[in-house]
Amino acid sequence: MAVRLALLGCGTVGAQVVRLLHEQADDLTARVGAPVELAGVAVRRPDRVRAVSLDRDLLTTDALGLLKRPDVDAVVEVVGGIEPARGWLVEALRQGKDVVTANKALLAEDGGALHDAAVAGGADLYFEAAVAGGIPLLRPLRESLHGDRITRVTGIVNGTTNFILSAMDATGAGFTEALEEATELGYAEADPTADVDGFDAAAKAAILASLAFHTRVTAAEVYREGISEVTSADVASAREMGCVIKLLCLAERVDGAVAVRVHPAMIPRQHPLAAVGGAYNAVFVEADAAGQLMFYGAGAGGSPTASAVLGDIVAVARTVVARRAGGNGLRQTGLEAYAELPVRPIGEVVTRYHVRLDVADRPGVLATVASVFARHGVSIATVHQTGRSSDATLVIVTHRAPDSALTATVAELRHMEIVRSVASVVRVEGETPAG
Ligand SMILES: NC(=O)c1ccc[n+]([C@@H]2O[C@H](COP(=O)([O-])OP(=O)(O)OC[C@H]3O[C@@H](n4cnc5c(N)ncnc54)[C@H](O)[C@@H]3O)[C@@H](O)[C@H]2O)c1
Ligand SMILES: N[C@@H](CCO)C(=O)O
Ligand code: NA
């Protein structure tokens, strides 16, 4: 007897899921032990669906009606957004129907609701496609590394912004031009502010932190800065330091708590994450016993993301087959939040900073500026000065300091008469040649 799926959404990712289900049908049957079939496909505009291998009679606009049908065993959601997706998935899980979703926004905002519904219905919840698209990352975290203790996860988890920053670094391309290309290639979200302002990466950071540390972190608890303020001057300044700017996601354990943040950061060019170009993603995982692990690959795009969805579909379909045979199935979501770790505010996070100031080129300016850093307990590692006629630019790189101390330093600098502007503040991660 076939395992029957309700597919919700048939856009960039959904159309590729349809294609793979069709092209791999024989292999899937062999791997699952039963054929895997589409019971129906819910979309908003059936006339716009372009999946070539799709029987048009399967199309419907009634997602809820479809997923409740008794002949539907499992639900695959590739629509996105909070509602109506949350309502559909909670309903499916409560009915005991397993769910595969790529919806990081929903998981990061209210993963707890999905987890609770899955527990209530005795259903499984899979979401490998939600973070780092086609890269197998969540299953290693929720299964392979479950005997270890993860201490830190550092990653490039947004393809669109990595594409833009790589283009700005390599070719000097403009921001708008690079964003348009990323959108055409299917990497950017429908509303690219989710990518550019770091919301997409923050959602993924919340999911990664929740899985890695067995706690509940929501998107709202993730400190977030996007890339819209990264200028070509910052990119050039990074290059002079032997660094490159990346939008990083960092989730770490700190003394019985977790700190989770997403922001542009300078990293040394010899750092493995610096070589991650274009729309590629990469995630570094540090664990007590396993040491350093790196996961690399296509983090966005219809086909790679559909690969992750198909992997989850096979896992779910096998469980359906096992349950029919009287077995128990897997029944775990990975979102068991037993550790209940508090999330540290950004002010307590300790890292290094690259600060660029436009100052009046007068005697004693450097000493005055340095004294402000010193007063707030921020130790300076290097200073670089370039002068113009009446103004100068100071590039200061600090040693490790709490974010609150740096924020207070910058606030004081902004009010000083000799400081024309604080042109940029970029965090520095990883060991740099400059120390
Ligand atoms: N595109 C990627 O590279 C990528 C990568 C990883 C995860 N994701 C996630 O996958 C999901 C889908 O992304 P996408 O790029 O395929 O989006 P998309 O906009 O291309 O497709 C969305 C689909 O959902 C359907 N839909 C929207 N509202 C609906 C409604 N009310 N009822 C029924 N159908 C509705 C649309 O008709 C369309 O078929 C999102 O959660 C996204 O974050 C996308
Ligand atoms: N918009 C996302 C898609 C993959 O989640 C990105 O650019 O990474
Ligand atoms: Na993935």
Side-chain angles (χ1 to χ4, degrees), residues 8-17 42-45 47-50 61 63 76-89 101-111 114 127 129-134 155-168 173-208 218-230 246-249 260-264 278-281 298-306 308-309:
L8 313 183
C10 195
T12 302
V13 179
Q16 296 303 313
V17 170
V43 293
R44 190 152 41 194
R45 296 278 308 269
D47 54 306
R48 295 217 180 142
V49 174
R50 283 198 297 259
T61 54
V76 179
E77 186 263 319
V78 280
V79 169
I82 308 302
E83 293 294 354
R86 174 168 47 197
W88 298 332
L89 299 192
T101 177
N103 192 335
K104 58 239 164 175
L106 173 57
L107 285 157
E109 177 162 312
D110 203 4
L114 299 185
F127 44 94
V131 182
I156 294 171
V157 293
N158 183 265
T160 302
T161 47
N162 202 52
F163 187 89
I164 293 170
L165 291 172
S166 301
M168 285 173 79
F175 178 86
T176 317
E177 184 193 339
L179 173 59
E180 271 169 19
E181 204 180 339
T183 306
E184 270 166 35
L185 291 167
Y187 305 139
E189 298 295 306
D191 174 2
T193 54
D195 296 301
V196 171
D197 291 341
F199 289 101
D200 178 78
K204 292 164 177 168
I207 297 167
L208 285 176
T218 64
E221 293 173 304
V222 177
Y223 175 79
R224 176 190 54 78
E225 279 176 30
I227 64 161
S228 58
E229 282 170 25
V230 176
K246 294 290 187 190
L247 183 71
L248 287 192
C249 131
V260 193
R261 53 199 166 107
V262 166
H263 53 69
Y280 280 91
N281 283 189
S303 182
T305 306
V309 172

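The analysis underlying the following values was restricted to heavy atoms, covering all of them including side chains, and did not include hydrogens, waters or symmetry mates. Numbering starts at 1 and runs along the sequence shown.
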For [X], which residues count as a side chain to side chain donor-acceptor pair (under 3.5 Å) partner, sequence neighbours excluded?
X    : value
T101 : E77
Q16  : R19
E221 : T218

Under the salt bridge (Lys or Arg N to Asp or Glu O under 4.0 Å) test, residues paired with [X] that sit two or more places apart:
X    : answer
R45  : D47
R86  : E83, D110
E181 : none

Practice problem: Quick one: closest heavy-atom pair of V79 and W88, and the distance? | Solution: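 So the minimum-distance heavy-atom pair works out to CG2-CZ3, 3.8 Å.
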
Quiz prompt | Shortest non-hydrogen contact from G81 toward N103 | solution =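 That closest heavy-atom pairing would be O-ND2, 2.8 Å.
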
Under the rule for side-chain contact (heavy atoms from CB on, under 4.5 Å), what residues qualify as partners of [X], not counting sequence neighbours?
X    : value
T183 : L179, A188
A132 : I135, L137, N281
A108 : A203, A206, I207, A219
A279 : F163, Y187

Exercise. Nearest 0.5 Å please: distance from the SG atom of C10 over to the CZ atom of R50.
Key: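 Result: 10.5 Å between the selected atoms.
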
Quiz item: When rounded to the nearest 0.5 angstrom, what distance separates CD1 in I156 from CG in N162?
Solution: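 Going from CD1 on I156 over to CG on N162, the span is 4.5 Å.
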
Quiz item: What do you reckon, is OH of Y223 surrounded by more than 12 foreign heavy atoms closer than 6.0 Å?
Solution: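 Counting neighbours around OH of Y223, more than 12 heavy atoms of other residues, nucleotides or ligands fall under 6.0 Å, so yes.
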
Exercise. Enumerate the residue pairs fulfilling salt bridge (charged side-chain N to carboxylate O under 4.0 Å, His left out) with a member in residues 190-202, sequence neighbours excluded, ordered by first and then second residue.
Key: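 Of all non-adjacent pairs touching residues 190-202, those that pass salt bridge (charged side-chain N to carboxylate O under 4.0 Å, His left out) are K104-D200, D200-K204.
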
Quiz item: Within a strict 4.5 Å, meaning less than it, do heavy atoms of the L8 and V76 side chains meet?
Solution: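 Side-chain contact under 4.5 Å: no.
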
Quiz item: Among all residues two or more places apart in sequence or in another chain, which pass the ring-ring contact (aromatic ring centres under 6.0 Å, His included) test with F199?
Solution: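 Scan of F199 (ring-ring contact (aromatic ring centres under 6.0 Å, His included), adjacent residues dropped) gives none.
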
